[in-house]
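Remember, predicted model here, so these are calculated numbers, not experimental data. No hydrogens, no waters, no symmetry mates; every other heavy atom, side chains included, goes into these values.
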Amino acid sequence: MLLPRTVDHYQEQVTRMLETERYGEAMETLEFLLGCEGQNEQRRQEWSTLLDWLRVAFPGGSEDAYGNEAVLAGEEPEDRSETLRRRTLEKQREDSGYEAELLRRAKAEPLTEKGQIALEQLAYLEGSDTDAELANWLENEPLHPLLQFRVLQTLRRRGASGGVTLRRDGALLELEIERTPLTPQEFPPAVDDVLVRVADQTDSGDPSLFYFARELWMQFMMASYGTNDYAVLIRGEENELDAWAAALHAQASEAVEGGGRAEEIREAYGITGELRFRCERAEKALKTFSRGGMARG
């Protein structure tokens with residue numbers, strides 16, 4: 001619960017922000033105040049009404065408002081990453097312990113939005129001890145595979161290099177930080193080749209199925225990065241790519257349409273003989289991942 005004088009201080013800040021057209025900060029401060037307990041109903045109603053007005057003016061939220069501020073100042077609007085970088089560096093200048101606080105937050109709430117944003121922010125800072133802290137966390141804690149990949153990306157963005165050893169389902173993965181893909185385009189061509197195959201088969205059907213398949217595939221690639229499945233796939237053998245494409249299509253169909261088309265889908269991709277075993281193995285891996293069952297480190 002906030003002390004009354006602290007609430008008054010924040011209200012005064014909001015007033016100054018509005019007077020100086022700092023609408024993005026005003027929106028974030030109002031959202032913060034509404035999340036605080038113990039305030040009287042009249043005061044909360046005032047905050048809510050003001051925030052609703054700002055949301056109508058800026059449908060894209062605080063990022064939209066920050067972009068508007070840039071336009072009013074005669075500058076190019078920042079994209080999300082530029083805004084986050086600027087604000088992170090500003091907060092570090094105001095608080096020398098901010099980087100340590102971000103690291104604590106990322107570890108304490110790793111799979112929440114707050115924890116993920118903290119990881120993003122850490123990529124913009126350069127504290128000498130943070131790389132070692134992140135690498136130690138990565139190597140010694142049982143993190144979800146997707147989180148392992150996110151931490152690798154953060155280390156690479158910070159300019160770190162060298163090898164790390166991850167534990168995954170009883171196996172050890174030896175990975176080089178500097179080779180971690182930062183964008184879908186940085187993955188090996190075979191990753192996109194699978195999506196091309198699925199796109200060809202879903203082109204005349206429901207486009208939402210392909211969009212779901214693409215999202216599932218990239219999440220799975222991040223989570224399986226460095227594993228044996230990943231190593232076999234990126235060799236780019238045609239049969240292997242066909243098997244994974246059919247499996248991905250079948251899993252997306254099950255999620256979007258309710259399933260029941262697996263055999264039809266396999267036939268469309270020419271899955272027969274030995275290739276059927278590969279496809280079933282791929283289907284099992286994708287299904288396990290979709291249900292959140294992928295082993296942690």
Side-chain angles (χ1 to χ4, degrees), residues 78-192 215-231 233-234 289 292 294-297:
E78 294 178 318
D79 63 22
R80 178 186 178 281
S81 61
E82 289 172 337
T83 300
L84 188 62
R85 178 180 183 277
R86 174 177 58 79
R87 292 170 59 204
T88 299
L89 293 174
E90 286 174 354
K91 290 182 179 180
Q92 186 190 39
R93 285 193 290 270
E94 296 169 0
D95 178 4
S96 60
Y98 189 60
E99 185 165 355
E101 168 58 23
L102 288 176
L103 185 61
R104 184 205 63 76
R105 188 183 305 166
K107 289 182 177 182
E109 306 177 67
L111 294 178
T112 66
E113 182 179 4
K114 184 183 292 186
Q116 292 296 298
I117 291 174
L119 270 182
E120 287 186 65
Q121 291 179 275
L122 283 170
Y124 301 122
L125 303 178
E126 300 177 349
S128 58
D129 297 330
T130 302
D131 288 349
E133 290 275 358
L134 285 170
N136 182 64
W137 183 41
L138 187 59
E139 292 186 318
N140 294 296
E141 294 295 328
L143 307 180
H144 188 281
L146 271 175
L147 180 57
Q148 288 180 330
F149 187 81
R150 296 295 189 192
V151 177
L152 281 170
Q153 286 184 315
T154 299
L155 283 166
R156 183 185 165 191
R157 289 191 172 103
R158 289 175 56 84
S161 61
V164 291
T165 302
L166 308 185
R167 292 173 175 79
R168 183 80 60 77
D169 196 22
L172 295 180
L173 308 182
E174 301 285 344
L175 302 173
E176 295 178 31
I177 294 170
E178 58 270 33
R179 297 185 65 178
T180 306
L182 296 181
T183 66
Q185 293 73 32
E186 289 190 18
F187 280 91
V191 173
D192 192 55
E215 180 65 20
L216 169 62
W217 185 239
M218 294 315 303
Q219 292 284 314
F220 180 73
M221 284 294 97
M222 290 188 285
S224 60
Y225 179 70
T227 64
N228 184 64
D229 276 341
Y230 183 86
L233 172 78
I234 64 174
F289 173 70
M294 203 168 194
R296 295 173 180 245

Calculate, to the nearest 0.5 Å, the distance between atoms [atom1] and [atom2] belonging to [X] and [Y] respectively.
X: R85; Y: Q121; atom1: CZ; atom2: CD; answer: 13.0 Å
X: T154; Y: L147; atom1: OG1; atom2: CG; answer: 9.0 Å
X: L125; Y: Y98; atom1: CG; atom2: OH; answer: 8.0 Å
X: T227; Y: M221; atom1: OG1; atom2: CE; answer: 7.5 Å
X: L152; Y: L173; atom1: CG; atom2: CG; answer: 10.0 Å

Any sub-3.5 Å donor-acceptor pair from [X]'s side-chain atoms to [Y]'s backbone N or O?
X: W217; Y: V191; result: yes
X: D95; Y: K91; result: no
X: E109; Y: G115; result: no
X: E99; Y: G127; result: yes
X: E178; Y: R156; result: no
X: R158; Y: L122; result: yes
X: Q116; Y: P110; result: yes

Exercise for the section: Under the side-chain contact (heavy atoms from CB on, under 4.5 Å) rule, what do R150 and M222 come out as? Steps first, then yes or no, please. Expected result: CA-CA 8 Å; R150 296 295 189 192; M222 290 188 285; 3.8 Å; yes
Problem - Stepwise side-chain contact (heavy atoms from CB on, under 4.5 Å) test for Q148 and R168 - result: CA-CA 10 Å; Q148 288 180 330; R168 183 80 60 77; 2.6 Å; yes
Handout entry: E82/R86 ion pair, N-O < 4.0 Å
Key = no
Exercise for the section: In plain terms, say whether E141 and K107 are close enough for a salt bridge, that is, a side-chain N and a carboxylate O under 4.0 Å apart. Expected result: no
Ignoring hydrogens, what is the shortest heavy-atom contact between [X] and [Y]? Give both atom names and the distance.
X: A190; Y: I234; result: CB-CA, 3.8 Å
X: A223; Y: P145; result: O-CB, 3.3 Å
X: N136; Y: N140; result: OD1-ND2, 2.7 Å
X: Y225; Y: R179; result: OH-O, 3.2 Å
X: Q153; Y: P181; result: NE2-O, 3.0 Å
X: Y230; Y: P188; result: OH-CD, 3.2 Å

Problem - Mutual orientation of the aromatic rings belonging to F149 and F187 [parallel < 30°, tilted 30-60°, perpendicular > 60°] - result: parallel
Practice task
Step by step, work out the side-chain contact (heavy atoms from CB on, under 4.5 Å) result for L102 and T130.
Solution key: CA-CA 10 Å; L102 288 176; T130 302; over 6 Å; no
Problem - Trace of the side-chain contact (heavy atoms from CB on, under 4.5 Å) decision for L175 with L166 - result: CA-CA 8 Å; L175 302 173; L166 308 185; 3.7 Å; yes
Handout entry: Check: L138 and L155 side chains under 4.5 Å, non-hydrogen atoms
Key =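 A side-chain contact exists here, since the closest heavy-atom pair is under 4.5 Å.
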Exercise for the section: Carefully, step by step, assess E90 and R87 under the rule salt bridge (charged side-chain N to carboxylate O under 4.0 Å, His left out). Expected result: CA-CA 5 Å; E90 286 174 354; R87 292 170 59 204; over 6 Å; no
Practice task
Establish, from distance only, whether the side-chain atoms of Y124 and Q92 form a donor-acceptor pair under 3.5 Å.
Solution key: no
